[in-house]
Number of protein chains: 2
Amino acid sequence: MASSSHCLSSAAHRSIRRTCVNCALSELCVPVGLDQQDMERLDQLVDRQQPLPANAHLCRVGERFSSLYAVRSGCFKSYRMDREGRERVLAFHLPGELMGLDAIYPGVYQSNIIALDVGGVCALPYNDLSHLAAQIPRLQEQIFRLLSKDLSAYAWLAGDHSAEERVAGFLLDLSNRYRERGYSDRAFNLAMPRRDIANYLRLATETVSRVITRFEREGLIRTERREVQLLDLDGLNQRANYCLQVSG
Amino acid sequence: MASSSHCLSSAAHRSIRRTCVNCALSELCVPVGLDQQDMERLDQLVDRQQPLPANAHLCRVGERFSSLYAVRSGCFKSYRMDREGRERVLAFHLPGELMGLDAIYPGVYQSNIIALDVGGVCALPYNDLSHLAAQIPRLQEQIFRLLSKDLSAYAWLAGDHSAEERVAGFLLDLSNRYRERGYSDRAFNLAMPRRDIANYLRLATETVSRVITRFEREGLIRTERREVQLLDLDGLNQRANYCLQVSG
DNA sequence: CGGTGAAATTGACCTGGGTCAAGGGGGCGC
DNA sequence: GCGCCCCCTTGACCCAGGTCAATTTCACCG
């Protein structure tokens with residue numbers, strides 16, 4: 001560990017301070033729709049943490065809940081262990097997304113959250129945040145909306161979809177989320193190994209691999225290890241069999 | 001349909017007005033922990049609706065979101081249809097629970113909600129509620145917590161559990177929720193047919209029936225049509241294989 | 001009190017996807 | 001550059017749970 005005073009002083013010397021105001025993700029993250037003045041109030045409570053190396057844990061099940069975390073860069077995975085010690089992936093988190101929302105109710109983290117590659121987060125101390133939310137209606141509203149959005153995501157995951165529907169739905173979900181972030185929705189690379197995708201979709205790794213191969217043979221997608229191209233979005237949508245698309 | 005003016009006048013003649021203050025469910029519902037003064041402010045925005053007959057819809061997918069609904073009596077079911085027109089049950093709602101939370105994000109109801117038997121609800125106009133929440137920190141906090149709690153419920157449903165784990169988990173979940181409401185956690189009756197239970201658990205009706213029969217043979221439970229007795233809670237917990245119990 | 005229809009159970013059989021096992025690569029440290 | 005290890009893919013087989021069909025039970029109703 002480097003001495004903290006050294007870290008602090010080097011951070012202080014940077015000419016451009018990282019703030020919500022100049023953060024490219026502010027339109028996705030908590031401060032959506034806030035004016036500059038409110039953003040500055042939010043800024044003051046945000047704790048911009050040191051980048052985490054790949055496979056480092058941000059928090060673990062059972063730890064006292066203190067902060068929500070916003071992804072600044074990289075990709076994170078939240079998961080639990082079942083009684084037999086098997087991992088259960090609950091979600092992947094892209095930049096601009098808020099993690100730890102399920103810990104609010106019990107006051108204790110309900111998931112382990114781990115960085116899939118090197119990644120940065122902003123910690124939002126929950127007490128301060130909810131206090132501020134009471135003063136800034138748009139902030140309160142945004143937190144309600146983010147919680148509600150997660151409900152819909154879980155509702156999809158909880159549906160009884162076939163393996164094809166799951167894999168197609170997963171790819172389309174990522175595609176949508178990358179588009180929202182200004183990246184290509186047709187070509188992106190998967191931050192996570194097949195094993196994690198399979199676990200998240202409640203399938204075996206082999207099944208995911210087989211479905212991907214099938215989609216490739218049928219010209220729906222093209223893959224090269226973690227690189228994915230979606231060649232036929234309509235075709236994938238057919239396979240995903242969504243019953244309801246949530247409008248932006 | 002009876003004329004509404006007649007209904008209104010008969011309601012007005014009641015000597016004891018229904019309010020949150022005298023509602024037995026106030027410790028479960030939104031006003032948990034509010035003082036009398038705040039409860040009265042909440043009272044003013046609550047719209048206590050006429051009881052719904054069995055199988056009547058409270059709201060439907062795609063309708064503009066305006067209110068959250070709190071269950072006052074009876075049992076409700078929320079569900080969607082998939083593209084092939086098959087029903088997908090998402091949740092059952094007992095008295096004191098809040099429905100419609102997943103509609104906040106998109107501003108449009110995401111589920112159909114139907115009364116399983118005759119049931120009453122309070123409508124909470126969302127705009128008024130969130131406005132009030134900004135003024136009453138404990139109310140805001142409670143809404144955050146209720147949303148967060150639903151996340152955990154969906155996370156369980158989304159796990160890949162065996163049929164036995166699902167049925168055991170379902171019975172224990174109901175048991176806990178009945179206990180919280182002051183009813184017996186050992187003997188209760190199911191408001192919903194097996195078909196709905198099976199659909200909710202993403203199983204076939206026949207599978208639910210078989211698992212229930214097995215649990216009965218093994219002395220874990222006793223059933224008589226919709227009546228259920230849980231004879232061995234520990235045994236059921238074994239079968240449910242929870243990885244994490246959410247504390248109160 | 002018998003008739004009717006939905007709900008529940010039970011049995012026989014089938015299949016989607018899990019499990020087990022055996023290769024291929026590709027990245028990375030030495 | 002070489003070897004090691006992990007990731008991914010593919011094939012063969014199996015089983016939990018779905019599907020189909022028959023039967024029983026009960027609530028309701030004339």
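So that the names make sense, note that chain A is the first sequence line, chain B the second, and so on, each numbered from 1.
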Q: Hey, is the side chain of B/R210 poking within less than 4.0 Å of OP1 or OP2 on C/dT10, counting only N and O atoms?
A: no
Q: Would you classify B/I212 as touching base, sugar-phosphate or nothing, given that sugar-phosphate means primed atoms plus P, OP1 and OP2, and contacts are heavy atoms under 4.0 Å?
A: nothing
Q: Quickly work out the A/N199 CG to D/dC7 P distance and round it to whole Å.
A: 13 Å
Q: Are OP1 or OP2 of D/dC7 and a side-chain N or O of A/T205 less than 4.0 angstrom apart?
A: no
Q: Does any N or O in the side chain of B/H93 come within less than 3.5 Å of the main-chain N or O of B/Y69, such that one atom is a donor and the other an acceptor?
A: no
Q: Between C/dA8, C/dG18, D/dC8, which one does the side chain of B/R194 approach most closely?
A: C/dA8
Q: When you check the gap from the basic side-chain N to the acidic O, do A/E97 and A/K149 get nearer than 4.0 Å?
A: no
Q: Nearest to the A/T213 side chain among D/dC8, C/dA8, D/dT9, which nucleotide is it?
A: D/dT9
Q: Of B/T207 and A/E206, whose closest DNA chain C nucleotide lies nearer the 5' terminus?
A: B/T207
Q: Is the ring centre of B/Y200 less than 6.0 Å from the ring centre of B/F92?
A: yes
Q: So, does B/R226 get its side chain near the phosphate of C/dA8, meaning an N or O under 4.0 Å from OP1 or OP2?
A: yes
Q: With a 4.0 Å cut-off on N to O distance, would you call B/E218 and B/R239 a salt bridge?
A: yes
Q: Looking at the side chain of A/R225, which of C/dA8, D/dC8, C/dT10 is the nearest nucleotide?
A: D/dC8
